[in-house]
Amino acid sequence: MPSTWALVVAAGRGSRMGGETPKQYRHLGGRPLLARTLARLAAHPQIDRVLCVINPDDRDLYDAAAAGLETVTEPVPGGASRQESVRLGLEALAGDPPDRVLIHDGARPFVPDSVIDGVLAALDEAAAALPVLAVSDTLKRGRDAGTTSGGTVDRSGLFRAQTPQAFHYTTILDLHRRYAGGNDTDDAALAEAAGVPVRLTAGSEENVKVTTPEDMERAHRRLAGESRTGHGLDVHRFGPGTSVRLCGVEIPHDQGLAGHSDADVGLHALTDAL
């Protein structure tokens, strides 16, 4: 099987989010947002290792986010732009290059396995792959500094680009070296500029990028809707008594449950499950 690394871009400051802490280290459901992104990639069966590009000033925050993730390697410092940060990450892999590399935004913590599967499968036939979603809303061109409508834009053939974007490693490293110094925010744009065909694959509405406070609030609401299952067990034998307590309710009986506490097997099992 081809070797595959995931390169996570997390060196930005997230200025549109506001506040002093970069958005990728803000807590989302009790964990740093970046921790959720790294864990998703690290758990995918086709991804061998994960490398993160960070701002050196954030090293303590990063170490907390990456703690316990065995396939996440030592991070590398990023550059002044996203494009430079990606190039530096790719260069860090040159000593022992993988066959394939996925380049993913650190602020996309919900990427489904199906999106990763899709771009990796496309690399069997293409040098680059990009997950996209078709534009469904009507598009308008603004004029007068965006205060009035300047007409409707034909949306046929238009797509919203997502990450991870997948490449043969040698292809994307060559492109980043060739176009070093640019300021593209999308790695597939380098392939397009060089005439390298980019295969489009299915993106997902779940694969949101957290950019603004409103995005973070929606992400919190999404996690709040997750369901979790716990299993608990408690056992007490019958003994002398006149009632049995279950879930705090006294039930008259010709025996009781033996125990050092109230022997309430219902509440004890529930507590165990929690």
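Computation of the quantities below employed the complete heavy-atom set of this structure, encompassing side-chain atoms and omitting hydrogens, waters and symmetry-equivalent molecules. Predicted, not measured: the structure shown is a model, and the values here were computed from it.
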Peer 1: Side chains of D117 and S114 only: does a donor on one sit below 3.5 Å from an acceptor on the other?
Peer 2: no
Peer 1: Does atom CG of D124 have more than 12 heavy-atom neighbours from other groups under 6.0 Å away?
Peer 2: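 Result for CG/D124: enclosed.
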Peer 1: Do Q46 and T4 meet the criterion of a side-chain donor-acceptor pair at a distance under 3.5 Å?
Peer 2: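 Judged by distance alone, the side chains do not pair up.
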Peer 1: Following the transitive rule for hydrophobic clusters with a side-chain heavy-atom cut-off under 4.5 Å over Ile, Leu, Val, Met, Phe, Trp and Tyr, establish whether V86 and V72 coincide in one cluster.
Peer 2: no
Peer 1: Regarding R59 and E74, does a basic nitrogen lie under 4.0 Å from an acidic carboxylate oxygen?
Peer 2: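 So R59 pairs with E74 through a salt bridge.
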Peer 1: Is there a donor-acceptor contact under 3.5 Å linking the side chains of T212 and E214?
Peer 2: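 There is such a pair between these side chains.
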Peer 1: So, do P164 and V111 sit near enough that their side-chain heavy atoms are less than 4.5 Å apart?
Peer 2: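 Yes, side chains in contact.
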Peer 1: Should V235 and F238 be counted in the same cluster of Ile, Leu, Val, Met, Phe, Trp and Tyr side chains packed under 4.5 Å apart?
Peer 2: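 No; F238 is not reachable from V235 via cluster members.
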Peer 1: Report whether V101 and V9 are members of the same hydrophobic cluster (ILVMFWY, side-chain heavy atoms less than 4.5 Å apart, transitive linking).
Peer 2: yes
Peer 1: Rounded to the nearest 0.5 Å, how far apart are CG of L34 and NE2 of H27?
Peer 2: 11.0 Å
Peer 1: Linking I/L/V/M/F/W/Y whenever any side-chain heavy atoms sit under 4.5 Å apart, do L175 and L123 land together?
Peer 2: no
Peer 1: Throw together a table of side-chain donor-acceptor distances under 3.5 angstrom for residues 133-140, partners on residues two or more places apart or in other chains.
Peer 2:
unit_1, atom_1, unit_2, atom_2, d
K140, NZ, T152, OG1, 2.6

Peer 1: Do I116 and L41 come close enough that some side-chain heavy atom pair is under 4.5 Å?
Peer 2: yes
Peer 1: If you link ILVMFWY side chains whenever their heavy atoms are less than 4.5 Å apart, which other residues fall into the same cluster as V198? By chain and number, please.
Peer 2: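 Answer for V198: L130, V132, F159, L200.
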Peer 1: A side-chain contact here means heavy atoms from C-beta on lying under 4.5 Å apart; do H104 and R40 qualify?
Peer 2: no
Peer 1: Are W5 and L120 connected in a single hydrophobic cluster, I mean Ile/Leu/Val/Met/Phe/Trp/Tyr linked by side-chain heavy atoms less than 4.5 Å apart?
Peer 2: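 Looking at the clustering, W5 is in a separate group from L120.
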